[in-house]
Amino acid sequence: MTTHAPQAAQAVTLPTTLDEAVAALAAMPTAVPVAGGTDLMAAVNSGQLRPAALVGLGRISEIRGWQYQDGHALLGAGLTHARMGRPDFAALIPALAAAARAAGPPHIRNAGTLGGNIATAAPTGDALPVLAALEATLIIAGPGGARREIPVSHLLAGVEMLRGGELIGYVRVPLLHAPQVFLKATGRTGPGRALASVALVLDPARRGVRCAVGAIAPMPLRPLEAEQWVAGLIDWDNDRALVPEALHAFGEYVAAACIPDPAPEPDGSVTPLPPAVLHLRRTVAALARRALGRALS
């Protein structure tokens, strides 16, 4: 704690390539990378963060688009939410486009980037459950032109972290060519921070369902048993049919897996969940049920 006003940033570097940005970060260990700045500038304005230097990523054209690669889409970390929300991108990865369109008001979507959403790893990041459900992989750029790959779930869970001088360069996403859905519930009308969100994708080639629940925990949650259970009930050879009762049960299964009942007390009694938590569990159940229903329709 101090009564002195924190110092403002002392230097701003504006590289034009990914390797130049990595070199700048390696040369200035206290520097902070910034792309859209939607989260960073909020922290600066509130006094929570005063970086000694900034490395701006806005001029690096190589990470602002995407390309096809061996049945995957290689997405640049500099893609903005606004760009991902456009129809051509939506035809490629529908759930990620839906999440991008729900990310907030226009000025946030125009500035916020895919890489920033991942690096900030805020629980309410709309892209995060989609990337978890898609089992996306991050391509990390390091000093000396080094590149390494890690599953996005490893970074979000803290299993693997970015090292000094490293940046998220690209996100590799499998192209499933199958229905994908992203839904979220907010506490107000219109775009806003999610109280809960659900991403669901079908993988017909593997006869699988992948689901991730966002905003209710520090990282997206994958209800793996619920995924496997409902995938075994879908008639993949007959228009992906599923009885309505199973659809309802799937929602309850997902919600109970992500927001379980409290463990019994030593005397065997069970403390009921608070009303607010019960409401959140009902919300997750409804989102999961609707997401699967839309994917199968």
Side-chain angles (χ1 to χ4, degrees), residues 32-36 38-40 42-43 49 57 63 72-81 84 93 95-100 102-104 108 112-142 147-164 166-174 176 180-185 193-201 203 208-227 254 257-260 280 284 287-288 291:
V32 175
V34 57
T38 54
D39 290 314
L40 175 68
L49 179 66
L57 309 179
I63 61 172
H72 293 71
L74 192 63
L75 312 179
L79 275 169
T80 64
H81 299 303
M84 291 187 290
I93 312 174
L96 192 53
I108 295 294
T113 64
L114 177 62
N117 213 217
I118 299 168
T120 302
T124 54
D126 291 316
L128 303 186
V130 178
L131 296 175
L134 289 169
E135 297 182 345
T137 301
L138 305 179
I139 299 177
I140 309 299
R147 300 289 187 269
R148 67 186 181 99
E149 299 187 17
I150 62 173
V152 67
S153 58
H154 285 200
L155 181 69
L156 298 177
V159 175
E160 296 185 61
M161 304 296 291
L162 293 180
R163 302 164 188 164
E166 287 189 330
L167 281 172
I168 299 171
Y170 302 92
V171 182
R172 181 182 287 118
V173 177
L176 300 177
Q180 306 173 10
V181 178
F182 171 80
L183 298 174
K184 80 173 184 178
R193 291 191 178 275
L195 296 176
S197 62
V198 168
L200 187 138
V201 301
D203 190 347
V209 175
R210 299 207 293 271
C211 176
V213 179
I216 67 170
M219 62 169 288
L221 303 177
R222 286 280 303 277
L224 299 177
E225 291 185 0
E227 294 176 0
V254 169
C258 295
I259 307 176
L280 184 60
V284 170
L287 290 175

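The shown structure was predicted, so the numbers you read here are calculated from the model rather than taken from an experiment. We're numbering straight along the sequence, starting at 1.
- Put simply, CD1 on Ile216 and CG on Leu195 are 11.0 Å apart, with the number rounded to the nearest 0.5 Å.
- Going from atom CZ of Phe182 over to atom CG of Leu96 covers 9.5 Å, rounded to the nearest 0.5 Å.
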- Kindly determine whether Leu156 and Leu131 satisfy side chain to side chain contact (heavy atoms under 4.5 Å, CB included), including the steps that lead there. CA-CA 10 Å; Leu156 298 177; Leu131 296 175; 6.0 Å; no

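- Smallest separation of non-hydrogen atoms from Ala133 and Ala212: N-CB, 3.9 Å.
- Considering all non-hydrogen atoms of both residues, Ile63 and Gly169 come closest at CG2-O, 3.5 Å.
- Atom NE2 in His81 sits 4.5 Å away from atom CG in Asn117 (nearest 0.5 Å).
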- Evaluation steps, side chain to side chain contact (heavy atoms under 4.5 Å, CB included), between Ile93 and Leu75: CA-CA 11 Å; Ile93 312 174; Leu75 312 179; 3.9 Å; yes

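- Side chain of Lys184 to main chain of Asp126: no donor-acceptor pair is present (N/O by atom type, distance under 3.5 Å, no hydrogens or angles).
- Rounded to the nearest 0.5 Å, atoms CD1 (Ile150) and CG (Leu155) are 4.5 Å apart.
- For the pair Val198 and Cys211, the minimum side-chain heavy-atom distance is below 4.5 Å.
- Taking OG1 of Thr120 as the reference point, atom CG of Leu128 lies at 9.0 Å (rounded to 0.5 Å).
- Distance check, rounded to the nearest 0.5 Å: CZ of Arg210 to CG of Leu134 gives 6.5 Å.
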- Please assess Leu74 against Ile139 for the test side chain to side chain contact (heavy atoms under 4.5 Å, CB included), listing each intermediate value before the final yes or no. CA-CA 9 Å; Leu74 192 63; Ile139 299 177; 3.5 Å; yes

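- Minimum interatomic distance between Ala291 and Leu200 (heavy atoms only, all atoms of both residues): CB-CB, 4.0 Å.
- Among all heavy-atom pairs drawn from Ala127 and Leu114, the shortest one is CB-CD1, 4.2 Å.
- With hydrogens and angles ignored, the 3.5 Å screen pairs no side-chain donor or acceptor of Arg148 with any backbone N or O of Ile140.
- Residues Ala132 and Arg222 share a closest heavy-atom pair of O-NH1, 3.4 Å.
- Arg172 places no side-chain N or O within donor-acceptor distance of the main-chain N or O of Leu138, the cut-off being under 3.5 Å.
- The two residues Thr113 and Gly78 come nearest to each other via the heavy atoms CG2-O, 3.7 Å.
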